[in-house]
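Contents: one structure, followed by commentary.
The figures here come from the full heavy-atom set of this structure, side chains too, leaving out hydrogens, waters and symmetry mates. Just follow the structure's listing: the first ligand is 1, and inside any ligand the first atom is 1. Keep in mind the model is a prediction, meaning the values are calculated, not measured.
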Amino acid sequence: MHTLESLVLGKSIRGSDAPVLLLNPTTEEPLAEVRSGGFDPKAVIEYARAKGGPALRQMNFAQRGAILKALSTAIHREREALIEVSIQNAGTPRGDAKFDIDGATGTLAYYAALGESLGERRILADGEGVQLGRTARFWGQHVLVPRLGAAVHINAFNFPAWNMMEKAACALLAGAPVIEKPGTATALLAERIARIVIESGALPEGAWQFIAGSLGNLVEHLDAQDSIAFTGSSRTAAILRGHPNVVRSNVRINLEADSLNAAILAPDVETSSETYALFIANVALDMTQKSGQKCTAVRRVLVPKDRAAEVRADLISALGKVKLGDPTIAENRMGPLASKSQFDEVRNGIKKLAAAAQVACGGPERVGERGYFVAPTLLEARDSNADLFHADEVFGPAATLLPYGGTAAEASALVARGGGGLIASAYSNDGPWVEEIVMGLAPWHGRLWLASDRMAEQSLPPGMVLPASIHGGPGRAGGGEELGGLRGLAFYQQRTALQGFKTPLAAYAAPGTGAAS
Ligand code: NAP
């Protein structure tokens, strides 16, 4: 059986700890094993700091952008083989596998183009310069320079390709060497991509390392120039945020955690409108794409009380069209959950919600004889105010209808009960209602997706993370921020105010030099 290896210190290292078995979630047959350990975590950090970091910082943005382009091309070249691994390892139907892998290569390509546009600079201006002295000879200019440490990336199991490469694109373009630790359940796909990255020869020595299994005591050895970018549950996020060395050494940390994303239908939306059709299609897509294992998937669906029956019927009909089953069969559009622990957690979560709701379709039962299949499950709250619906994320194909009175203020108050989210989508053609919902929801979210008849035809779904817009959110969602064009680089850079003679300082902000503002 294949044993995953860590690609660290310029070598491929087989772990020494007891094996963790990876099962195909469709057949429950063993696929591979993961063994942690086998290397000194401190040496891995020092290797990144001593080799990868200096080499990347010698390069300008255009050169680092060219690396990202080469990585995008190398991964895309293996697309068909990677789709196969994704189907086996994560139980994703072909469409979902492509979503993950093309998300990875697309994000790399986006940042490659950004690097090219920044050109031969190594220092970025941040905003306009300002006169500080009696005359313009004494000048101030904020700049962004690469920090000197390693970028430790800890990722969730659900997007092994995209999650890994969206973080890598920002770090590498900023000049930071990466130590990647993927979610173990889908690490077979992550390892395959990590090998492509290394074998591409595009990166300097030490700029990319990959750890299969646990990090060991790596976090212990990080210092104030290093960083951790984490994606996963708020439970693990809290452990990392409170890690004694993270607190003691002020290790920079970005947390992308869970989120009870909401979709809100406004009372003005006519059943015959494009906005209503989009609402039904997007909720059904979010519940079934990646079997609902998407951090941006909708969990709470707010509908005006007098529309609840209509929405329930339309969603049941839309969900009924999504074929659930073996993802190797082309007609099946939804596969199993990615692992046994996911299967158990999702079923328990649905059972808990069902105690306070009507099950409109689906339910916690296993579907089929083997494999981790759960049907798309729509619930309808008996009391939309019950804590349960605003506290527990069921990370699977489940969402709850929450009937509300119809005002933007009431919708905002209900959504805010989730304690901070990645994304909320609101469906309305009523300008004042939309402005109220923006005022109510924006402080609680990293992204708002505003549907109307005017954009319906051209929109990309709200669950899709785009590199040009930030991803992250306050509170429960972790308080972090990734992507958003150049904003995504800032985590790996130091902002410093330079004060001195104007001419050299103003040059950093000259047109075409990639001023960050
Ligand atoms: P998880 O259990 O928190 O694990 C996330 C990552 O942390 C994995 O690589 C895991 O490794 C690692 N990890 C676990 N304990 C650790 C520790 N003590 N120290 C260092 N690393 C540790 O989350 P998950 O089950 O993989 O992912 C599902 C969750 O992620 C959901 O709650 C979902 O909402 C959230 N998520 C959020 C986003 C976002 O962008 N905000 C995106 C995707 C998913 P092992 O796998 O080896 O345990």
Side-chain angles (χ1 to χ4, degrees), residues 4 6 15 17 19-20 22 34-37 41 89-90 100 103 152-164 166-167 179-188 190-191 210-220 222 228-246 251 253-261 286 290-299 337-346 349 391-396 398 418 420-423 445-447 463-465 469-483 488:
L4 270 63
S6 290
D17 291 3
V20 173
L22 300 188
V34 183
R35 290 170 181 268
S36 299
N89 186 192
D100 183 24
V152 179
H153 291 168
I154 305 173
N155 280 315
F157 74 86
N158 60 328
F159 279 101
W162 196 340
N163 214 202
M164 180 161 71
E166 79 186 32
K167 285 187 173 62
I179 299 169
E180 162 69 29
K181 185 249 175 290
T184 295
T186 53
L188 182 60
E191 188 215 35
F210 174 88
I211 293 179
S214 142
L215 284 177
N217 68 354
L218 185 138
V219 177
E220 247 340 288
L222 298 176
I228 301 174
F230 167 83
T231 295
S233 63
S234 33
R235 190 180 55 237
T236 312
I239 294 172
L240 283 168
R241 190 201 298 277
H243 188 289
N245 185 46
V246 171
V251 177
I253 186 161
N254 189 71
L255 301 171
E256 300 281 331
D258 42 66
S259 171
L260 288 150
N261 310 300
D286 261 358
K290 302 270 304 173
S291 305
Q293 300 165 116
K294 234 171 35 178
C295 55
T296 52
V298 65
R299 310 291 173 200
L337 294 161
S339 67
K340 172 77 166 68
S341 66
Q342 258 297 100
F343 182 61
D344 293 340
E345 273 186 39
V346 166
D392 290 349
E393 181 202 43
V394 177
F395 200 59
L422 298 171
I423 156 97
H445 292 84
R447 185 158 63 90
M464 193 161 184
V465 172
S469 300
I470 57 166
H471 175 62
R476 172 199 291 277
E481 194 175 286
E482 287 182 340
L483 299 171

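- In terms of protein heavy atoms, atom 12 (C) of ligand 1 is closest to I154 CG2, 3.7 Å.
- A distance-only check finds no donor-acceptor pair linking the side chain of N155 to the backbone of P160 [under 3.5 Å].
- Of all atoms in ligand 1, numbered sequentially from 1 with element shown, those under 4.0 Å from a heavy atom of N158 are 43 (C), 44 (C).
- In this structure, a donor-acceptor pair under 3.5 Å is absent between the side chains of K290 and N158.
- The minimum heavy-atom distance linking F157 with A185 is given by the pair CB-CB, 4.1 Å.
- Among C295, A156, G232, the residue whose heavy atom lies closest to atom 35 (C) of ligand 1 is G232.
- Each of the atoms 39 (C), 41 (N) of ligand 1 lies under 4.0 Å from some heavy atom of L422.
- Taking the side chain as every heavy atom from C-beta outward, R299 and V394 never approach each other to under 4.5 Å.
- Panel note: side chain S36, backbone S214; a donor-acceptor pair is recorded below 3.5 Å.
- The backbone of P182, and not its side chain, has at least one atom closer than 4.0 Å to an atom of ligand 1 (non-hydrogen atoms only; backbone = N, CA, C, O).
- Contact annotation for F395 and ligand 1: only side-chain heavy atoms (C-beta onward) come within less than 4.0 Å of the ligand.
- Polar contact with ligand 1: present for N155 (N/O pair, distance under 3.5 Å).
- Residues D100 and W162 share a closest heavy-atom pair of OD1-N, 2.8 Å.
- Evaluated for a side chain to side chain contact (heavy atoms under 4.5 Å, CB included) with L222, the options V246, N245, I179, I253 yield exactly one hit, N245.
- Among protein heavy atoms, atom 34 (O) of ligand 1 sits closest to E393 OE2, 2.6 Å.
- For atom 48 (O) of ligand 1, the closest non-hydrogen atom of the protein is T184 OG1, 4.6 Å.
- In terms of protein heavy atoms, atom 40 (O) of ligand 1 is closest to H471 NE2, 2.7 Å.
- With a 4.0 Å heavy-atom cut-off, ligand 1 is reached by the side chain of F230 but not by its N, CA, C or O.
- Heavy-atom contacts of D258 reach the following atoms of ligand 1: 32 (O), 34 (O) (cutoff under 4.0 Å).
- The protein heavy atom nearest to atom 2 (O) of ligand 1 is T236 OG1, 3.9 Å.
- The backbone N or O of L260 sits nowhere less than 3.5 Å from a side-chain atom of R476 that would complete a donor-acceptor pair.
- Of all protein heavy atoms, the one closest to atom 20 (C) of ligand 1 is L240 CD2, 4.0 Å.
- For ligand 1 and G183, the ligand atoms under 4.0 Å from any heavy atom of the residue are 8 (C), 9 (O), 46 (O).
- Among all protein heavy atoms, the one lying closest to atom 11 (O) of ligand 1 is K181 NZ, 3.0 Å.
- Not a single heavy atom of G478 lies less than 4.0 angstrom from ligand 1.
- For N163, no heavy-atom contact with ligand 1 is shorter than 4.0 Å.
- Heavy atoms only, all atoms of each residue included: Q293 and Q342 are closest at OE1-NE2, 3.1 Å.
- For the residue pair T186/N89, the side-chain donor-acceptor check at 3.5 Å is not satisfied.
- Closest to atom 23 (O) of ligand 1 among all protein heavy atoms lies S233 N, 3.4 Å.
- Side-chain atoms of S259 never come within 3.5 Å of backbone atoms of G421 as a donor-acceptor pair (strictly under, hydrogens ignored).
- Residues N261 and T296 come closest through the heavy atom pair ND2-C, 3.2 Å.
- Within the 4.0 Å heavy-atom criterion, neither part of A185 lies near ligand 1.
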